[in-house]
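Worksheet: one structure, shown below.
In what follows, every heavy atom counts, from backbone to side chain, and hydrogens, waters and symmetry copies are set aside.
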Amino acid sequence: MLHILMRSPFEINMILLIDLLRSNDDVIALQDSVIIAIDKNIFLKELLSIPIKLYVIKQDVYARGIQEKISSKVNIVDYLQFVLLTVKHKKQMSW
């Protein structure tokens with residue numbers, strides 16, 4: 001399943017999200033949710049402990065000027081790669 005984060009992680013029920021994640025799920029953060037990839041934030045360690053892949057949209061990261069703070073464990077992708085993820089995952093959930 002592809003989980004699409006569109007709001008700040010502080011506005012999302014992160015406990016529920018983390019509980020629903022399964023191995024081979026992908027999570028992509030766009031818009032304000034890209035702050036979830038800031039190194040050492042309270043949610044990132046928990047997400048990275050699960051066998052999932054976490055992606056953030058490059059354009060949204062740069063728009064917020066946080067590119068220097070993004071964890072090296074997060075995959076930075078563009079909107080074309082986001083589309084490819086939506087093709088890969090038939091099931092998607094927006095948060």
In chain order, what residues pass the side-chain contact (heavy atoms from CB on, under 4.5 Å) check against [X], with sequence neighbours excluded?
X	answer
Ser8	Phe10, Glu11, Ile35
Lys73	Leu48, Ser71
Lys45	none
Asp19	none

Are [Y] and [X] linked, directly or through intermediate hydrophobic residues, by side-chain heavy-atom contacts shorter than 4.5 Å (ILVMFWY only)?
X	Y	result
Ile50	Val74	yes
Ile12	Leu30	no
Leu44	Leu16	yes
Ile18	Ile52	yes
Val27	Val61	yes

For this session: Compare every heavy atom of Ile70 with every heavy atom of Ile38, then report the nearest pair and how far apart it is.
Result: N-CD1, 4.3 Å
Exercise. Closest heavy-atom contact between Met93 and Leu20?
Worked result: SD-CD1, 4.4 Å
Problem set entry | Gln81 side chain vs Asp78 backbone, donor-acceptor pair below 3.5 Å | yes
Exercise. Would one find more than 12 heavy atoms of other residues, nucleotides or ligands at under 6.0 Å from atom CG of Asn24?
Worked result: no
Problem set entry | ring pair (Phe, Tyr, Trp, His ring centres under 6.0 Å) partners of residues 49-75, not counting sequence neighbours, each pair once | none
Not counting sequence neighbours, which residues clear side-chain hydrogen bond (donor to acceptor under 3.5 Å, both in side chains) with [X]? List them please.
X	value
Asp60	Tyr79
His3	Asp25, Trp95
Asp32	Arg64
Lys88	Asp26

Supply the atom-to-atom distance [X] [atom1] to [Y] [atom2], rounded to the nearest 0.5 angstrom.
X	Y	atom1	atom2	result
Ser72	Asp39	OG	CG	6.5 Å
Met1	Lys91	CE	NZ	6.0 Å
Lys53	Ile28	NZ	CD1	12.5 Å

For this session: Answer yes or no: is there a side-chain heavy-atom contact under 4.5 Å between Ile4 and Leu85?
Result: no
Exercise. Are Leu47 and Met14 side-chain neighbours, meaning at least one heavy-atom pair lies under 4.5 Å?
Worked result: yes
Problem set entry | Worked check of side-chain contact (heavy atoms from CB on, under 4.5 Å) between Leu21 and Leu17 | CA-CA 6 Å; Leu21 289 174; Leu17 169 63; 4.1 Å; yes
Exercise. For Val56 and Val77, what are the C-alpha separation, side-chain angles and deciding distance, and is it a side-chain contact (heavy atoms from CB on, under 4.5 Å)?
Worked result: CA-CA 6 Å; Val56 293; Val77 298; over 6 Å; no
